[in-house]
*Asks:* 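Handing you this structure, nothing more for now.
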Amino acid sequence: MSSPSDKPVPMESDFKAQLTDKVLPGLLADGALGKDVTLVSQEIAPVGGYGVDHWMSSTFKVAVEVRDAETNTTRTTRMVAKFQVDDPVWADCATTSRNEDVMYNQVLPFFEELWQGQDGQPLNLFPKCYLAEQSPSPLVVMEDLTAQGFKLSPSLSSLDGAHVFLALQHLGKLHALSYCAKVRRKSDFLSLARELREAEYIDKNRAYHSGYLSRSLARGLKRLAARGGSAIDAATVEHLRRRFRSERDASNAFDLMADARTPEEPLAVVTHGDFCRNNIMFKYDPVTGKPVDVRFFDLQKAKYCSPAVDLSFFLFINTTPSQRAAHWDDFFVAYYDGLTTAMRRLLSSGPGMSPTMEMPSLASLRADFARHALYGYVICAFFLPVVQAPPGDAPAAEDCAFVADIADKFEAGAVTGDMFTKIGGEAADDTVADLLIEFVERGLVGL
């Protein structure tokens with residue numbers, strides 16, 4: 001595979017023209033960059049080519065210098081513009097772009113109002129959004145967090161404990177907003193939450209995903225069989241084969257994923273939906289180098305569903321087996337601390353509110369996690385080898401695009417699955433097999 005940094009940005013000139021001719025003039029006219037300001041200069045540059053820390057998007061850094069008429073001074077606003085590129089294979093892009101639009105224009109302002117209603121303090125979980133729209137091209141323009149010192153973790157896969165605990169605490173804060181909204185403004189909140197629609201695990205994608213999962217989920221089981229021995233007993237292996245069954249006429253694996261992303265009350269929350277290192281930026285203490293703050297971004301897969309969708313993916317993609325062995329319970333305590341701290345703040349005042357109002361218990365959240373944890377394994381079975389592979393070894397988005405021309409969608413998914421299950425070779429086979437053993441030992445396979 002070629003290096004992602006060498007790949008051109010699709011439709012770069014078209015996207016730049018849209019920014020120059022429509023988007024930036026619109027932001028100036030709407031006062032989004034300040035009142036009574038005029039444009040002095042603008043710079044637009046693609047971020048690292050296509051496929052760098054993002055999958056189906058083209059991203060640009062934008063710097064706009066304006067002059068304030070009242071003070072006759074200039075200032076520069078730094079932004080990031082992300083165009084979603086059509087994905088002919090993985091997901092319904094009209095839905096993913098719409099979800100991000102709904103999140104930035106409706107759900108997050110609702111959460112911000114809920115949070116600031118207490119003392120006026122900002123929520124500080126997501127970058128400021130200047131614009132989110134679907135036409136003429138799906139686009140989000142947000143503040144450039146790097147200007148405030150935020151950056152992605154240097155590690156592409158596992159994060160150290162300081163990063164993990166901080167991310168989990170803030171994830172708890174995000175999920176707490178849903179629980180509090182269901183107490184304070186239930187009807188309004190549920191109306192918004194239902195606007196977030198499933199884009200991947202939908203009927204029209206069933207054949208493709210079933211073909212894909214038929215290959216990716218066989219990897220760990222085949223490796224265990226090749227090893228011999230009794231790491232997992234025969235009854236458990238048979239149970240997993242049934243859970244992972246993925247054929248043309250029936251796909252238990254597809255249903256497993258769809259079920260996790262279907263809301264069950266009372267624990268359903270608005271999830272990030274793709275919660276991993278690639279979509280989290282950290283700010284660091286200049287003296288100690290430790291992470292002190294986080295921001296989340298990329299909300300195309302946001303969904304009202306089980307909190308395990310965020311937790312299971314993050315914990316198994318961005319922590320190591322040794323970290324989980326040492327801190328498994330601590331990770332849940334950190335998440336729950338972030339959740340309950342936020343809930344106490346939100347429910348401490350207001351009509352009918354009480355600081356003693358019942359909160360979801362840690363035990364109930366962990367039970368829900370256990371029911372849906374295989375959601376994380378299904379993703380990690382193909383994605384963990386990708387993030388651990390040397391740069392250039394994993395397929396980029398356009399490397400997979402040819403499968404869209406395969407008429408038989410089950411076969412198209414199987415071809416894609418075969419591409420990904422070759423990544424990492426035997427070492428990756430062992431990684432996936434060991435992860436499956438861990439799921440069994442932790443009681444996370446639905447036995």
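Excluded from the calculations below are hydrogen atoms, water molecules and symmetry mates; all remaining heavy atoms, backbone and side chain alike, are included.
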*Asks:* With the threshold set at 4.0 Å, does a side-chain nitrogen-carboxylate oxygen contact exist between Asp310 and Lys301?
*Replies:* no
*Asks:* Test your reading of the model: is there a side-chain donor-acceptor pair from Tyr336 to the backbone of Pro360, 3.5 Å cut-off?
*Replies:* yes
*Asks:* Answer yes or no: is there a side-chain heavy-atom contact under 4.5 Å between Arg442 and Trp328?
*Replies:* yes
*Asks:* Which residues pass the side-chain contact (heavy atoms from CB on, under 4.5 Å) test with Leu39, not counting sequence neighbours?
*Replies:* Leu28, Gln42, Val64
*Asks:* With a 4.5 Å heavy-atom cut-off, do Leu168 and Leu315 have their side chains touching?
*Replies:* yes
*Asks:* Is any side-chain heavy atom of Leu125 closer than 4.5 Å to a side-chain heavy atom of Trp115?
*Replies:* no
*Asks:* Is there a donor-acceptor pair under 3.5 Å between the side chain of His272 and the backbone N or O of Phe297?
*Replies:* yes
*Asks:* Just say parallel, tilted or perpendicular for the rings of Phe296 and Phe126, cut-offs at 30° and 60°.
*Replies:* perpendicular
*Asks:* Report the C-alpha distance between Val62 and Tyr130 in whole Å, list the side-chain angles of each, state the deciding distance to 0.1 Å, and finish with yes or no for side-chain contact (heavy atoms from CB on, under 4.5 Å).
*Replies:* CA-CA 12 Å; Val62 180; Tyr130 292 95; over 6 Å; no
*Asks:* Which residues satisfy the side-chain hydrogen bond (donor to acceptor under 3.5 Å, both in side chains) test with His163, sequence neighbours excluded?
*Replies:* Asp160, Tyr284
*Asks:* If I take atom CZ from residue Phe383 and atom CD from residue Gln388, how far apart are they, to the nearest 0.5 angstrom?
*Replies:* 11.0 Å
*Asks:* In Å and rounded to the nearest 0.5 Å, what is the CD to CZ distance from Glu438 to Arg324?
*Replies:* 4.0 Å
*Asks:* So which of Lys283, Arg78, Glu143 actually passes side chain to side chain donor-acceptor pair (under 3.5 Å) with Gln148?
*Replies:* Glu143
*Asks:* Please tell me whether Arg197 and Thr95 have a donor and an acceptor in their side chains that are separated by less than 3.5 angstrom.
*Replies:* no
*Asks:* With side chains defined as the heavy atoms from C-beta onward, is the minimum distance between His170 and Leu166 less than 4.5 Å?
*Replies:* yes
*Asks:* Should Phe275 and Ile280 count as side-chain neighbours, where that means a heavy-atom distance under 4.5 Å?
*Replies:* yes
*Asks:* Using only atom types and a distance under 3.5 Å, with no angle test, would you say the side chain of Thr319 pairs donor to acceptor with the backbone of Phe316?
*Replies:* no
*Asks:* Taking CD in Glu43 as the centre, count heavy atoms belonging to other residues, nucleotides or ligands within less than 6.0 Å. Is the count above 12?
*Replies:* no
*Asks:* For Tyr179 and Leu347, what are the C-alpha separation, side-chain angles and deciding distance, and is it a side-chain contact (heavy atoms from CB on, under 4.5 Å)?
*Replies:* CA-CA 10 Å; Tyr179 295 132; Leu347 298 179; over 6 Å; no
*Asks:* Strictly by side chain to side chain donor-acceptor pair (under 3.5 Å), give each pair with a member in residues 21-37 just once, sequence neighbours left out.
*Replies:* Lys22-Glu133
*Asks:* Could you check whether any side-chain heavy atom of Arg206 comes within less than 4.5 Å of a side-chain heavy atom of Asp255, counting everything from C-beta outward?
*Replies:* yes
*Asks:* Going by atom types alone, do Thr416 and Tyr208 pair a side-chain donor with an acceptor below 3.5 Å?
*Replies:* yes
*Asks:* Please name the residue in the list Lys61, Lys128, Lys82, Arg295 that meets the salt bridge (Lys or Arg N to Asp or Glu O under 4.0 Å) test with Asp144.
*Replies:* Lys61
*Asks:* Between Arg185 and Leu114, is there a donor-acceptor pair closer than 3.5 Å when you use the side chain of the first and the backbone of the second?
*Replies:* no
*Asks:* Answer yes or no: is there an ion pair linking Lys303 with Glu200, defined by an N-O contact shorter than 4.0 Å?
*Replies:* no
*Asks:* Only pairs under 3.5 Å count here: list side-chain donor-acceptor contacts from residues 368-380, not counting sequence neighbours, and write none if there are none.
*Replies:*
{"unit_1": "Asp368", "atom_1": "OD1", "unit_2": "Arg371", "atom_2": "NH2", "d": "3.3"}
{"unit_1": "Asp368", "atom_1": "OD2", "unit_2": "Ser306", "atom_2": "OG", "d": "2.6"}
{"unit_1": "Tyr375", "atom_1": "OH", "unit_2": "Arg261", "atom_2": "NH1", "d": "3.3"}

*Asks:* Would you call the rings of Phe382 and Phe420 parallel, tilted or perpendicular, taking 30° and 60° as the class edges?
*Replies:* perpendicular
*Asks:* Could you walk me through whether Val270 and Phe189 pass side-chain contact (heavy atoms from CB on, under 4.5 Å), step by step?
*Replies:* CA-CA 10 Å; Val270 170; Phe189 168 69; 3.8 Å; yes
*Asks:* Name every donor-acceptor pair, under 3.5 Å, that has one atom in a side chain of residues 150-159 and the other anywhere in the protein, sequence neighbours excluded.
*Replies:*
{"unit_1": "Ser153", "atom_1": "OG", "unit_2": "Ser155", "atom_2": "N", "d": "3.2"}
{"unit_1": "Ser155", "atom_1": "OG", "unit_2": "Ser157", "atom_2": "N", "d": "3.4"}
{"unit_1": "Ser155", "atom_1": "OG", "unit_2": "Ser158", "atom_2": "O", "d": "2.5"}

*Asks:* Kindly write out the residues that satisfy side-chain contact (heavy atoms from CB on, under 4.5 Å) with Ala132, not counting sequence neighbours, or none if the list is empty.
*Replies:* Tyr104, Asn105, Cys129, Val140
*Asks:* Is the shortest heavy-atom distance from the side chain of Leu131 to the side chain of Val23 under 4.5 Å?
*Replies:* yes
*Asks:* For Ser246, is there any backbone N or O sitting under 3.5 Å from a side-chain donor or acceptor partner on Ser251?
*Replies:* no
*Asks:* Checking side-chain contact (heavy atoms from CB on, under 4.5 Å) for the pair Leu240/Phe439: CA distance, chi angles, key distance, verdict?
*Replies:* CA-CA 11 Å; Leu240 288 169; Phe439 267 74; over 6 Å; no
*Asks:* Looking at every heavy atom in both Val403 and Ala412, which two are closest together, and how far apart are they?
*Replies:* O-CB, 3.5 Å
*Asks:* Tell me if the CD atom of Glu70 is crowded by more than 12 foreign heavy atoms within 6.0 Å.
*Replies:* no
*Asks:* Check this for me, if you would: do Glu100 and Arg98 make a salt bridge, where the nitrogen-to-carboxylate-oxygen distance has to be below 4.0 angstrom?
*Replies:* no
*Asks:* Using side-chain heavy atoms (C-beta onward) and a distance below 4.5 Å, is Lys204 in contact with Lys409?
*Replies:* no
